[in-house]
A.B. asks: 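I have a structure here, written as structure tokens, and I will follow up with some questions on it.
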Amino acid sequence: MTQPILRLRGISKQFAAVQALDSVDFEVWPGEVVALVGDNGAGKSTLVKVMSGVGPPDEGVIEFNGVECAIHKPHDATRLGIATVFQDLALCENLDVAANLFLGQESVSWRLAKALAWLDEVEMEGRTRRLLQALSVKIPELTTLVESLSGGQRQAVAITRALLGGPQVVLLDEPTAALGVEQTALVLDLVDQLREQGLGVVLISHNLADIFEVADRAVVLRLGKNGGNFSLDTATSQDVVSAITGGTGALRRRPVRSREKVHDDA
């Protein structure tokens with residue numbers, strides 16, 4: 001593709017006297033994992049809310065597949081093809097895996113000239129199994145209650161649920177927070193699978209080790225403004241930390257050329 005799936009230009013957002021975002025630019029391409037990083041209060045959560053429709057911007061332009069659009073509410077983001085998995089996974093622990101995936105959008109089977117309807121559990125379990133297999137997620141029994149799953153498996157269920165609508169962009173808010181080494185590896189493998197399927201992935205994380213393992217680029221926010229855009233093939237953790245903290249190391253680096261610019265030059 002010659003353009004990003006999702007592009008934000010000049011995004012600003014103010015809460016009373018606080019300027020949370022100030023003319024922020026951001027983009028994600030197909031098959032790319034972009035890490036959104038910054039210190040507490042840098043504007044990461046606000047930018048995610050803008051992209052997910054939770055908090056529309058005061059100023060700026062949003063483009064999806066090259067077409068300018070408005071995202072005023074979560075339904076707008078979902079309709080476009082943007083799915084968000086917040087840190088609070090919002091799973092029902094007393095329900096099994098398939099029931100969590102289809103909660104509120106259950107498959108039904110009609111009987112007696114559509115006068116009666118039954119939940120089509122076979123269809124839901126079959127589709128759940130296919131989705132999990134496509135992402136190489138291993139959950140032995142779909143009838144297992146979510147409360148019995150590990151942290152990594154719960155994250156996998158939440159991400160799989162987000163894919164039901166066939167999104168093109170997936171926003172992941174701190175997906176490895178409070179997870180152990182093994183469960184973190186499971187989630188990062190899942191992020192790799194999303195990239196392999198051609199999705200654009202935005203990864204919000206404070207863990208630089210995770211970011212350097214799985215992300216292609218790191219976009220730094222600092223005090224509500226763009227603080228750096230790094231290709232992780234060439235950048236070091238010190239480069240990213242300098243941009244986050246405002247150190248001089250951030251000033252010595254040239255900005256990463258966008259894929260669109262590279263394509264045009266070719």
Side-chain angles (χ1 to χ4, degrees), residues 5-6 28-34 48-54 64-65 69 71-110 117-176 183 186-204 214:
I5 307 175
L6 178 64
V28 58
W29 291 72
E32 180 186 42
V33 178
V34 181
V48 169
K49 290 177 180 178
V50 167
M51 292 186 282
S52 62
V54 175
F64 198 82
N65 287 326
C69 59
I71 304 178
H72 295 299
K73 51 186 182 296
H75 176 73
D76 296 335
T78 301
R79 178 178 50 82
L80 285 171
I82 302 172
T84 308
V85 180
F86 290 103
Q87 192 169 353
D88 179 4
L89 302 179
L91 297 174
C92 295
E93 296 195 349
N94 62 326
L95 298 179
D96 63 27
V97 175
N100 266 279
L101 256 65
F102 285 90
L103 187 63
Q105 47 187 340
E106 292 84 358
S107 298
V108 297
S109 178
W110 292 94
W118 281 264
L119 289 180
D120 194 339
E121 295 182 358
V122 174
E123 166 64 21
M124 289 188 290
E125 288 185 7
R127 190 174 177 192
T128 298
R129 186 173 291 104
R130 291 191 295 272
L131 283 169
L132 293 174
Q133 289 176 346
L135 295 173
S136 300
V137 176
K138 297 180 180 180
I139 296 180
E141 297 292 338
L142 300 184
T143 56
T144 302
L145 298 183
V146 165
E147 65 182 0
S148 301
L149 299 178
S150 67
Q153 289 173 324
R154 294 185 187 196
Q155 190 70 235
V157 170
I159 294 173
T160 305
R161 180 180 60 188
L163 298 182
L164 279 177
Q168 297 181 56
V169 175
V170 179
L171 313 179
L172 302 177
D173 187 10
E174 297 285 356
T176 61
Q183 299 304 318
L186 186 156
V187 173
L188 295 183
D189 286 344
L190 184 54
V191 173
D192 270 331
Q193 290 293 329
L194 296 177
R195 173 171 44 205
E196 289 298 317
Q197 293 188 15
L199 301 180
V201 182
V202 180
L203 176 66
I204 300 90
V214 76

A.B. asks: Backbone N or O of Leu164 within a donor-acceptor pair of the Arg127 side chain at under 3.5 Å?
C.D. replies: yes

A.B. asks: Supply the atom-to-atom distance Arg161 CZ to Leu89 CG, rounded to the nearest 0.5 angstrom.
C.D. replies: 7.5 Å

A.B. asks: Donor-acceptor pair, Asn100 side chain versus Cys92 backbone, under 3.5 Å?
C.D. replies: yes

A.B. asks: CD/Gln133 to CZ/Arg130 distance, rounded to the nearest 0.5 angstrom?
C.D. replies: 9.0 Å

A.B. asks: If you take all heavy atoms of Leu95 and Leu103, which pair is closest and at what distance?
C.D. replies: CD1-CD1, 4.0 Å

A.B. asks: Side chains of Glu125 and Thr143: closer than 4.5 Å at any heavy-atom pair?
C.D. replies: yes

A.B. asks: Between Asp76 and Lys73, is there a donor-acceptor pair closer than 3.5 Å when you use the side chain of the first and the backbone of the second?
C.D. replies: yes

A.B. asks: Between Met124 and Phe102, which heavy-atom pair has the shortest distance, and what is it?
C.D. replies: O-CE1, 3.4 Å

A.B. asks: Looking at every heavy atom in both Leu186 and Gly152, which two are closest together, and how far apart are they?
C.D. replies: CD2-O, 3.6 Å

A.B. asks: If we only count heavy atoms from C-beta on, is the Thr160 to Val97 side-chain gap below 4.5 Å?
C.D. replies: no

A.B. asks: Could you walk me through whether Leu194 and Val33 pass side chain to side chain contact (heavy atoms under 4.5 Å, CB included), step by step?
C.D. replies: CA-CA 9 Å; Leu194 296 177; Val33 178; over 6 Å; no

A.B. asks: After noting the C-alpha distance and the side-chain angles of Leu132 and Leu142, does the key distance pass the side chain to side chain contact (heavy atoms under 4.5 Å, CB included) rule?
C.D. replies: CA-CA 10 Å; Leu132 293 174; Leu142 300 184; 3.6 Å; yes

A.B. asks: Is the shortest side-chain heavy-atom distance between Val157 and Leu101 below 4.5 Å?
C.D. replies: yes

A.B. asks: To the nearest 0.5 Å, what is the distance between CD on Glu174 and CG on Leu203?
C.D. replies: 8.0 Å

A.B. asks: Minimum heavy-atom separation for Gly200 and Val28, please, with both atom names.
C.D. replies: CA-CG2, 3.8 Å

A.B. asks: Do the side chains of Leu135 and Leu163 get nearer than 4.5 Å, heavy atoms only?
C.D. replies: yes

A.B. asks: Can you tell me how far apart CD (Gln153) and CG (Leu91) are? Round to the nearest 0.5 Å.
C.D. replies: 12.0 Å

A.B. asks: For Ser52, which residues count as a side chain to side chain donor-acceptor pair (under 3.5 Å) partner, sequence neighbours excluded?
C.D. replies: none

A.B. asks: Okay, side chain of Gln155, backbone of Pro175: is any donor-acceptor separation there less than 3.5 Å?
C.D. replies: yes

A.B. asks: To the nearest 0.5 Å, tell me how far Phe64 CZ sits from Ile5 CD1.
C.D. replies: 6.0 Å

A.B. asks: Show me the pairs that pass side chain to side chain donor-acceptor pair (under 3.5 Å) and involve residues 84-95, at least two apart or across chains.
C.D. replies: Glu93-Arg154

A.B. asks: What's the spacing between Thr128 OG1 and Ile139 CD1 if we round to 0.5 Å?
C.D. replies: 9.5 Å

A.B. asks: Check Gly53 against Ile71 and note the closest heavy-atom contact, atom names and distance.
C.D. replies: CA-CG2, 3.4 Å

A.B. asks: How close do Arg195 and Val214 get, counting heavy atoms only, and between which atoms?
C.D. replies: NH1-O, 2.8 Å

